[in-house]
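Have a look at the structure below before the remarks.
These numbers come from a predicted model, not from an experiment. One is the number of the first residue; the rest follow in order along the sequence.
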Amino acid sequence: MKKIKILLITQGVSRLVRPLFESGHQMVGVLESMPRDYDGSKQKSLFLSCLKKTYTGIKGKYLFLPDFCKEKKIPYNFIWNKNAAEIAGWVEGLKPDLIVVFSMSQLLREDILKIPRLGVVNLHPSFLPSYRGANPDFWQYFDMEMNPGVTVHYVNSGEDMGDIIYQERVHVPLGTKSPARLDKLIGELGVSLTLKAIDAIAQGDAPRTPQPAQSPTPRSRNLKPEEHTQVIDWEHWPIERVWHVLRGTELWLNAITQPTGLLAGQRWSIQDYEKTEAAQGAFGEVGEYKNKKCVFARDGVIYISIDFDIKRSILKVIQG
């Protein structure tokens with residue numbers, strides 16, 4: 001197998017990190033894409049530092065990308081909207097043949113796209129051209145897309161519009177939670193297609209299929225905080241759809257009131273649902289049914305519980 005030099009751009013120790021390091025190709029660096037709300041301030045940096053110590057101390061394993069790269073003796077840097085220009089010089093100094101992207105919060109600048117001789121490829125968690133954009137996971141839950149796909153494609157100046165190398169669909173059952181969905185979609189299928197694409201690019205025989213200009217679905221944008229409570233149509237959606245969306249997005253979507261008081265910082269874990277002949281409470285409100293915590297829907301109840309996580313409580317304290 002012909003080996004090439006690869007620079008990875010990702011967020012955290014994503015599902016693609018370890019497989020790439022074990023691919024047999026030469027990893028020359030890792031660039032971490034900072035979240036969109038990262039501001040680079042001293043306070044923010046202090047918060048991230050505290051968070052890092054909390055997570056590594058509790059879990060006792062590498063959950064943070066800088067630590068992982070330090071262990072592997074691989075150059076690490078991070079990119080955000082205010083340092084992208086200087087990062088281009090850092091990338092150029094590594095002389096990568098190929099840049100591989102997965103889970104990046106911004107579009108790459110043209111000066112970075114031009115650096116690798118074999119181009120830039122991205123692993124996108126949808127069957128392109130459907131669900132282009134930053135948050136395809138949510139909108140596929142929203143649309144009840146049961147046969148989502150992944151696409152490995154070349155990156156150009158457009159948003160998820162570059163030529164397709166490989167793509168494939170997989171069935172994901174109703175109500176599958178996000179971590180399990182991503183394990184199947186990315187950890188199994190996406191990683192496999194990415195490694196296949198890298199090998200094909202290294203050999204010089206990677207396919208290229210141009211994408212149509214128009215997508216059959218609206219842009220998969222991120223939700224604004226104030227939209228979280230508005231995305232579910234409690235009056236009209238059947239309970240299966242409500243359950244599917246709540247369960248899939250339980251880690252971050254604030255469509256229902258989250259725990260308060262001593263349990264502030266924890267999140268509801270979405271369990272099973274039960275259909276009833278009549279509504280048992282105000283739609284979307286948290287209450288009790290048969291002595292169990294639940295959320296009321298128009299044609300039943302969705303049971304909820306708390307899987308207590310000490311990290312969330314510590315985070316709440318750190319955030320003030």
Side-chain angles (χ1 to χ4, degrees), residues 1-11 13-33 65 68-69 72-77 79 87-88 90-104 107-132 136 148-170 182-212:
M1 179 184 71
K2 187 176 181 180
K3 296 182 180 180
I4 58 175
K5 296 184 292 184
I6 296 174
L7 169 71
L8 172 64
I9 302 179
T10 192
Q11 288 190 33
V13 185
S14 64
R15 288 165 175 82
L16 188 58
V17 174
R18 289 182 175 88
L20 268 189
F21 273 82
E22 297 166 358
S23 67
H25 295 283
Q26 182 185 354
M27 300 299 298
V28 296
V30 175
L31 188 57
E32 184 159 23
S33 176
L65 202 48
F68 181 89
C69 293
K72 297 292 185 180
K73 297 181 173 58
I74 293 292
Y76 165 90
N77 212 327
I79 184 171
I87 284 298
W90 182 81
V91 172
E92 193 165 17
L94 296 175
K95 297 180 171 59
D97 298 314
L98 180 72
I99 294 178
V100 177
V101 180
F102 171 60
S103 187
M104 188 173 184
L107 295 179
L108 273 176
R109 291 166 50 106
E110 187 68 29
D111 53 358
I112 295 179
L113 289 176
K114 294 187 300 185
I115 293 173
R117 65 181 182 87
L118 296 176
V120 180
V121 299
N122 177 52
L123 170 59
H124 186 74
S126 81
F127 200 85
L128 291 174
S130 296
Y131 299 101
R132 289 173 176 153
V150 292
T151 304
V152 182
H153 66 97
Y154 284 101
V155 176
N156 58 19
S157 58
E159 185 178 44
D160 304 318
M161 294 183 68
D163 293 351
I164 292 170
I165 306 172
Y166 297 119
Q167 62 181 169
E168 197 171 320
R169 291 189 184 273
V170 64
L182 291 175
D183 281 344
K184 187 171 187 178
L185 198 63
I186 301 301
E188 297 176 17
L189 182 56
V191 167
S192 174
L193 290 184
T194 302
L195 296 179
K196 180 181 177 182
I198 292 171
D199 289 344
I201 291 170
Q203 296 301 323
D205 58 2
R208 297 188 72 133
T209 304
Q211 291 193 54

Can M104 and I79 be said to form a side-chain contact (heavy atoms from CB on, under 4.5 Å), step by step?
CA-CA 10 Å; M104 188 173 184; I79 184 171; 4.2 Å; yes

Go through it in stages, so that I can follow the logic: the residues are K3 and Q26, the test is side-chain contact (heavy atoms from CB on, under 4.5 Å), and I'd like the CA-CA distance, side-chain angles, deciding distance and then a yes or no.
CA-CA 7 Å; K3 296 182 180 180; Q26 182 185 354; 5.9 Å; no

Step by step, would you call L113 with Y154 a side-chain contact (heavy atoms from CB on, under 4.5 Å)?
CA-CA 10 Å; L113 289 176; Y154 284 101; over 6 Å; no

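Side-chain contact between V100 and I198: present, with at least one pair of heavy atoms (C-beta onward) separated by less than 4.5 Å. Looking at V152 and F102, their side chains never come closer than 4.5 Å, going by heavy atoms from C-beta outward. Side-chain contact between I9 and E32 is absent, with no heavy-atom pair separated by less than 4.5 Å. Counting heavy atoms from C-beta outward, V121 and L98 have side chains that approach closer than 4.5 Å. Contact check for I115 versus V120: no side-chain heavy atoms found under the 4.5 Å cut-off. Here the side chains of L8 and L31 are not in contact, with every heavy-atom distance at 4.5 Å or above. P207 is listed as a side-chain neighbour of I165, based on a closest heavy-atom distance under 4.5 Å. M161 is listed as a side-chain neighbour of R132, based on a closest heavy-atom distance under 4.5 Å.
P96 approaches L7 most closely through the heavy-atom pair CB-CB, 3.9 Å. The two residues H25 and D199 come nearest to each other via the heavy atoms NE2-OD1, 2.8 Å. Closest of all the heavy-atom pairs between I164 and L128 is CD1-O, 3.9 Å. Minimum interatomic distance between G29 and I74 (heavy atoms only, all atoms of both residues): CA-CG2, 3.6 Å. Closest of all the heavy-atom pairs between E159 and L107 is CA-CD2, 4.1 Å. Of all the heavy atoms in L185 and P148, the pair that sits closest is CD1-CG, 4.0 Å.
A search for salt bridge (Lys or Arg N to Asp or Glu O under 4.0 Å) contacts involving R15 returns D183, not counting sequence neighbours. In terms of the side-chain contact (heavy atoms from CB on, under 4.5 Å) criterion, residue partners of S130 (sequence neighbours excluded) are, by chain and number, P216, T217. Annotation: ring-ring contact (aromatic ring centres under 6.0 Å, His included) contacts of Y166 (sequence neighbours excluded): none. Applying the side-chain contact (heavy atoms from CB on, under 4.5 Å) criterion to N122, with sequence neighbours excluded, gives V101, H124, H153, V155, D160.
The backbone N or O of S103 lies less than 3.5 Å from no partner atom in the side chain of T10, so there is not a single donor-acceptor pair. A distance-only check finds no donor-acceptor pair linking the side chain of S33 to the backbone of Q11 [under 3.5 Å]. E168 contributes no side-chain N or O that, together with a main-chain N or O of V150, makes up a donor-acceptor pair within less than 3.5 Å. In this structure a side-chain-to-backbone donor-acceptor pair under 3.5 Å is present from Q211 to G162.
Remark: T151 OG1 to Y131 OH distance equals 13.0 Å, nearest 0.5 Å. Between the CZ atom in R18 and the OG atom in S23 there is a gap of 14.5 Å [rounded to 0.5 Å]. Distance check, rounded to the nearest 0.5 Å: CZ of F21 to NZ of K72 gives 7.0 Å. Interatomic distance, R169 CZ to S126 OG, rounded to the nearest 0.5 Å: 8.5 Å. The CG atom of L118 sits 11.0 Å away from atom CD1 of I99, with the distance rounded to the nearest 0.5 Å. Taking OG of S14 as the start and CD1 of I186 as the end, the distance is 9.0 Å to the nearest 0.5 Å.
You'll find the ring centres of F68 and Y76 outside the 6.0 Å limit.
Around the NZ atom of K184, the shell of radius 6.0 Å holds more than 12 heavy atoms that belong to other residues, nucleotides or ligands.
Counting only residues at least two apart or in different chains, salt bridge (charged side-chain N to carboxylate O under 4.0 Å, His left out) contacts with residues 109-122 comprise D97-R117, R109-D111.
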Donor-acceptor pairs under 3.5 Å, side chain of residues 188-197 to any protein atom, not counting sequence neighbours: which ones?
| unit_1 | atom_1 | unit_2 | atom_2 | d |
| --- | --- | --- | --- | --- |
| T194 | OG1 | G190 | O | 2.8 |

